[in-house]
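Have a look at the structure below, then the notes.
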Amino acid sequence: MPPRSRPPGLLRPAAAQINEAIRQLIERPNDDQRAEEYRRLLIAWAEATRSDMVKAA
């Protein structure tokens with residue numbers, strides 16, 4: 001039986017926190033530090049949501 005997944009649009013708490021941090025980051029002026037923080041947050045978000053992905057057969 002496939003694992004139960006979340007309804008579309010619902011994120012894990014960690015992913016939701018990272019998503020919020022990304023939204024706040026976008027409000028800051030664009031510079032090298034913001035770009036690096038954005039990359040770091042994207043990696044963290046991908047790791048936090050990875051288990052929600054389903055492998056193709």
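- A salt bridge is absent between Glu37 and Arg34; no separation between the charged side-chain nitrogens and carboxylate oxygens falls under 4.0 Å.
- Looking at heavy atoms from C-beta onward, Leu25 lies in side-chain contact with Arg28 at the 4.5 angstrom threshold.
- Within 6.0 Å of atom CG in Asp32, 12 or fewer heavy atoms from other residues, nucleotides or ligands are found, so the atom counts as exposed in its surroundings.
- Once rounded to the nearest 0.5 Å, the distance linking CD of Glu47 with CZ of Arg50 reads 6.0 Å.
- Summarising the geometry of Ile18 relative to Ala48, their closest heavy-atom pair is CD1-CB, 4.2 Å, with the distance given to 0.1 Å.
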